[in-house]
Amino acid sequence: MMMKLVFPAGDRPQMLLDQGAFRIGSAANADLVLASDGIEPLHCELQVGAQGVRMRVPEGIRVLVNERPVEGLIALRADDTVGLASTRFRLLDAAADAGRSASVARSDDAGETNATMVRPVVPKFALRGLSGELFGRSFPLSASLSVGRADDAGLRIPLESISRLHARLTPAGDEVLVEDMGSANGTWLNGKRITRAQAVHGDEIRFDTQRFQLLVPGQAIHAQAQPARNGLRWQWLAAALVVVVAGAAWLLR
């Protein structure tokens, strides 16, 4: 289910939510930056997964859902209204709302229409599974994405070898920040175990034995094995030269 945030005051554009974690607050690195009074650096976090949308509210921070205070980890539903200080937004089912907009656009009864057509946003990055049960599947990466075996993980890998919160991936410009979150069996980038590193298009990211490739949709992957093939070709040429020299020496005896 594709969800979106709508701001009734009209001061912000609609925000589509793909699977992953979306941090909301006044910090500059938040996925949704709110600079109004009363907003904490990390005011809350939306966790979007296959089970729906959950909101995590840090202890001591005031958040309203349908004008009632909430705390901890709660589930959100379509049409819920969330209040953060003076800011309000609604959580809507993007597909259903797009259908309503299309219906209005087709209506001949109105001389004009104020409907806004919602178009899917292509994520900047995607993860493609290279092994296991997730082989061949692609996962959009447009915001911070938690990886682990926990039910609320943005990318859930239900294996005992995967920690509950194994790693976190955060897009940053043309790169993705890969952070191991203290997992037992490690996070690997191009075969090297890492704690924190930057990944780019075409890189292989591995969580224990589960392999993924980082992709930029629509961008080709350039072959990186050419140097190895060139090295192998020179090894064959060198071996052939040894055979020729040895044969010549035998004929001249």
Side-chain angles (χ1 to χ4, degrees), residues 1-5 15-25 27 29-32 40-61 63 65 70-78 80 82 91 93 123 125-172 176-189 193-197 199 203-215:
M1 177 184 296
M2 177 72 74
M3 307 297 287
K4 68 177 180 178
L5 303 184
M15 180 178 179
L16 288 175
L17 302 178
D18 288 321
Q19 287 196 2
F22 295 81
R23 295 166 295 182
I24 302 176
N29 63 348
D31 300 300
L32 175 57
E40 301 294 331
L42 176 59
H43 207 93
C44 65
E45 181 181 72
L46 298 181
Q47 301 174 354
V48 185
Q51 306 300 320
V53 180
R54 298 182 181 183
M55 181 169 63
R56 182 177 64 84
V57 181
E59 185 178 358
I61 293 182
V63 173
V65 174
V70 297
E71 59 184 11
L73 185 65
I74 67 166
L76 295 179
R77 299 172 298 179
D80 279 348
V82 179
L91 182 68
D93 183 336
F125 296 97
L127 281 179
R128 183 177 64 187
L130 298 179
S131 65
E133 294 185 359
L134 300 181
F135 176 80
R137 293 183 57 185
S138 293
F139 302 87
L141 179 56
S142 55
S144 182
L145 179 70
S146 60
V147 180
R149 76 169 190 272
D151 290 340
D152 59 351
L155 172 53
R156 184 170 183 267
I157 306 176
L159 297 175
E160 288 299 320
S161 60
I162 300 296
S163 299
R164 290 184 56 81
L165 178 57
H166 197 101
R168 185 179 298 277
L169 279 65
T170 306
V176 170
L177 175 62
V178 183
E179 299 175 279
D180 184 84
M181 306 304 290
S183 68
N185 295 323
T187 300
W188 308 72
L189 178 61
R193 187 166 184 168
I194 57 98
T195 300
R196 180 185 175 97
D203 282 351
E204 180 182 300
I205 303 173
R206 177 161 60 89
F207 311 109
D208 186 35
T209 60
Q210 303 304 298
R211 298 165 50 236
F212 296 83
Q213 188 171 37
L214 181 65
L215 301 174

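Positions are given from 1, in the same order as the sequence printed here. When reading the values below, keep in mind they use all heavy atoms of this one structure, side chains included, and skip hydrogens, waters and symmetry mates.
- Across all non-hydrogen atoms, the minimal contact from P158 to R149 is CA-CB, 4.3 Å.
- With a 4.5 Å cut-off on side-chain heavy atoms, M55 and V70 count as touching.
- Side-chain contact check for L46 versus I24: some heavy-atom pair is nearer than 4.5 Å.
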**Prompt:** Going through the checks in order, is the side chain to side chain contact (heavy atoms under 4.5 Å, CB included) test met by L32 and L5?
**Reply:** CA-CA 11 Å; L32 175 57; L5 303 184; 4.2 Å; yes
**Item:** Check against side chain to side chain contact (heavy atoms under 4.5 Å, CB included), R211 and L134
**Value:** CA-CA 9 Å; R211 298 165 50 236; L134 300 181; over 6 Å; no
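- Taking a cutoff of 4.0 Å between a charged side-chain nitrogen and a carboxylate oxygen, E45 and R56 qualify as a salt bridge.
- Counting only heavy atoms from C-beta outward, the side chains of L177 and L169 never approach each other to under 4.5 Å.
- For the pair A167 and T187, the tightest heavy-atom approach, listed with the atom from each and the gap, is CB-OG1, 3.8 Å.
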**Asked** Checking side chain to side chain contact (heavy atoms under 4.5 Å, CB included) for the pair F207/I157: CA distance, chi angles, key distance, verdict?
**Response** CA-CA 9 Å; F207 311 109; I157 306 176; 4.1 Å; yes
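- In this structure, V57 and L73 have side chains that are not in contact, with every pair of non-hydrogen atoms separated by 4.5 Å or more.
- The shortest non-hydrogen separation linking R77 to D80 is N-OD2, 2.8 Å.
- Exactly one of S161, S183, S163 qualifies for a side-chain hydrogen bond (donor to acceptor under 3.5 Å, both in side chains) with D208. That residue is S161.
- Residues H43 and V63 have side chains in contact (heavy-atom distance under 4.5 Å, counting atoms from C-beta outward).
- Taken from CG in L189 to OG1 in T195, the straight-line distance is 12.0 Å, to the nearest 0.5 Å.
- Contact check on D180 versus R196 returns no salt bridge, with no Lys/Arg side-chain nitrogen under 4.0 Å from an Asp/Glu carboxylate oxygen.
- Side-chain polar atoms of R128 and Q213 form a donor-acceptor pair below 3.5 angstrom.
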